[in-house]
Amino acid sequence: MLDLKFIRQFPDLVKQGARKKRIACDVDLILKLDEEARARGTELDRLRAEQNTLGGQVAKAPAAEKKALLERLAAIKTSHNALDAAQREQEAELHKLLLRVPNVPADAVPEGKDDSENVVIEHWGEPRKFEFAAKDHVALAEAQGWLDIERAARLSGSRNYLLKGDLSLLESAVMRFAMDLMVGRGFVPLSVPTLVRTEIMVGTGYFPGGEEQAYRCDERDDLCLVGTAEVPVTALHMDEILRLEELPIRYVAQSSCYRREAGAAGKDTRGLYRVHQFQKVEQVVIDVADAARSIEHHQAILKNSKDLLEALELPYRVVNVCGGDLGAPQIQKFDIETWMPSRNGYGETHSASRFHDYQARRLNLRYRDEQGKVRLCHTLNNTVAASARILIALLENHQNADGTLRLPKALSVYMGGRTQLGRAL
RNA sequence: GGAGUGGUGGCAGAGUGGCCGAAUGCGCUAGAUUGCUAAUCUGGUGUCUCCUGAAUUUGGGGACCGCGGGUUCGAAUCCCGCCCACUCCGCCA
């Protein structure tokens, strides 16, 4: 959410930002409603002030005057109530609109309509040339008895899967490696709820807009399954005023993630690329409202993930996500795409977002600065490792000609010192 | 799931219809005192918002005592719903 004062002050910036993101947003309507609401609010305050003054006199007023006083108060109340009802309605409408105003993208965000116009800014590693017929992750994993998509579908429908044997262990190994890497860098490990209230989905910016993407409990419980640990972790300190000494807060959390993938029918149907449930280690940074520092954090959390991929010996590239592919909440986003031989291309495995105070305003997440002034925090997050997709990359990039899987040294430790998984096929 | 108790400022804790944005204590902070520390004394010490002003530090209003409604001229205080915590019983990985 943007500050109404900011929108008032720089309406054109907001409009341009929305245009760059290809998100419809009626700034003028918002400004009109805001102006009306403020005018009415002033009048309401005035009425209330009068009511307060007169009300205080009622008890001590002589009986003769009391009646007149009460009549006057009744009149005030009537006009106040009418005005108040209108005000509430309009404020609700304004708030609804406000929740959908997209954050203004950074200048460094490239112009572009969709992901095809994201700008590659960095490469690491060389995609491997196979001197044998390389298998895709499904063929390889099934041949090794590591994957059962058919039975999983019986349990849970399409886009579900079941890991077995060493691949199941490998998933845990990657997650644990990711956690250890981050803890080694000072991030505080967290185990968090993956079921959150709707309010939390709104606070982190997923709702309104992302409802179709989230699993929601029925009306008995106002709870949603999160699509990422970013949600509970970023919201952890909502409604708090943090002390300057506690900042920056750096958290890392592993969680199950759930996505409905509505609207993705027919897209990435084979294998583990687009699935309803996966494990993910996520990093979140909460700090002071300082644009330069936010940029530093953004680079730092990006670096963490690049380091992880390098330790896993997986070629990747970094893209600067263009306006049209950016979500409403983000100021800027860098995606890391990891080489996946079966796609003969790079597939998104990480997403590093910078929000400024967009989430913090919705969450009422604040801190007290040096001057003692209360201000909204800045928040950022990035994937450290997302299980299903990182497994695709590991399986496909590190397969041997005989169908076994080479383990990078970083993971070997987590797999009992083994350097290779599977049997020769 | 059933029964009960309770949710007040950074914390502890008063307040059961107007004198309460809220006593008191602790903490924090500025100053005084002190050779230093401690102790003591004095002042200050919530958030949001509107109007006004050159000004986030002018002046004046409004709102907030878990959240949302209601009763009343007037609600922290009474009523209803919800959320949360705790205790007992039941069930359970």
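Just so we're on the same page: letters track the sequence lines, and every chain starts at 1.
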> Is the distance from OP1 or OP2 of B:G62 to the nearest side-chain N or O of A:N52 less than 4.0 Å?
Replying inline: yes
> Paired with B:C36: which nucleotide, if any, by Watson-Crick or G-U wobble criteria at under 3.5 Å for both distances?
Replying inline: none
> What is the distance from CZ of A:R375 to C1' of B:U47, rounded to the nearest Å?
Replying inline: 17 Å
> Angle class for the A:Y215/A:Y258 ring planes (parallel below 30°, perpendicular above 60°, tilted otherwise)?
Replying inline: perpendicular
> Quick one: is A:R40 getting a side-chain N or O under 4.0 Å of the B:C51 phosphate, OP1 or OP2?
Replying inline: no
> Quick one: A:R46 CZ to B:A63 P, roughly how many Å, whole number?
Replying inline: 14 Å
> Where is the tightest heavy-atom contact between A:L363 and A:T234, given as atom of each residue plus distance?
Replying inline: CD1-O, 3.7 Å
> Quick check: does any side chain N or O of A:R361 sit under 3.5 Å from a backbone N or O of A:M1, one acting as donor and the other as acceptor?
Replying inline: yes
> Which nucleotide, in any strand shown, forms a Watson-Crick or G-U wobble pair with B:G18, with both distances under 3.5 Å?
Replying inline: B:C73
>> Nearest to the A:T42 side chain among B:C51, B:U56, B:U47, which nucleotide is it?
In response: B:C51
> Does OP1 or OP2 of B:G74 have a side-chain N or O of A:K77 closer than 4.0 Å?
Replying inline: yes
> Which one, B:U47, B:C50, B:C73, comes nearest to the side chain of A:R8?
Replying inline: B:C50
>> Against the six-membered ring of A:F278, is A:R389 placed for a cation-pi contact (under 6.0 Å from the centre, within 45° of the normal)?
In response: no
>> Starting the side chain at C-beta, find the nucleotide from B:A63, B:C73, B:C48 nearest to A:R48.
In response: B:A63
> In terms of side-chain heavy atoms of A:R368, which of B:G74, B:A63, B:U47 is nearest?
Replying inline: B:U47
>> So, OP1 or OP2 of B:U52: does either fall under 4.0 Å of a side-chain N or O from A:R38?
In response: no
>> So, does A:N364 get its side chain near the phosphate of B:U47, meaning an N or O under 4.0 Å from OP1 or OP2?
In response: no
> With respect to the side chain of A:V374, which nucleotide from B:G62, B:C84, B:C48 is positioned closest?
Replying inline: B:C48
> Given the C1' atoms of B:G68 and B:C83, what is the spacing between them in whole Å?
Replying inline: 10 Å
>> Tell me if the side-chain of A:D45 makes a donor-acceptor pair with the base of B:G62, cut-off 3.5 Å, by modelled atom types.
In response: no
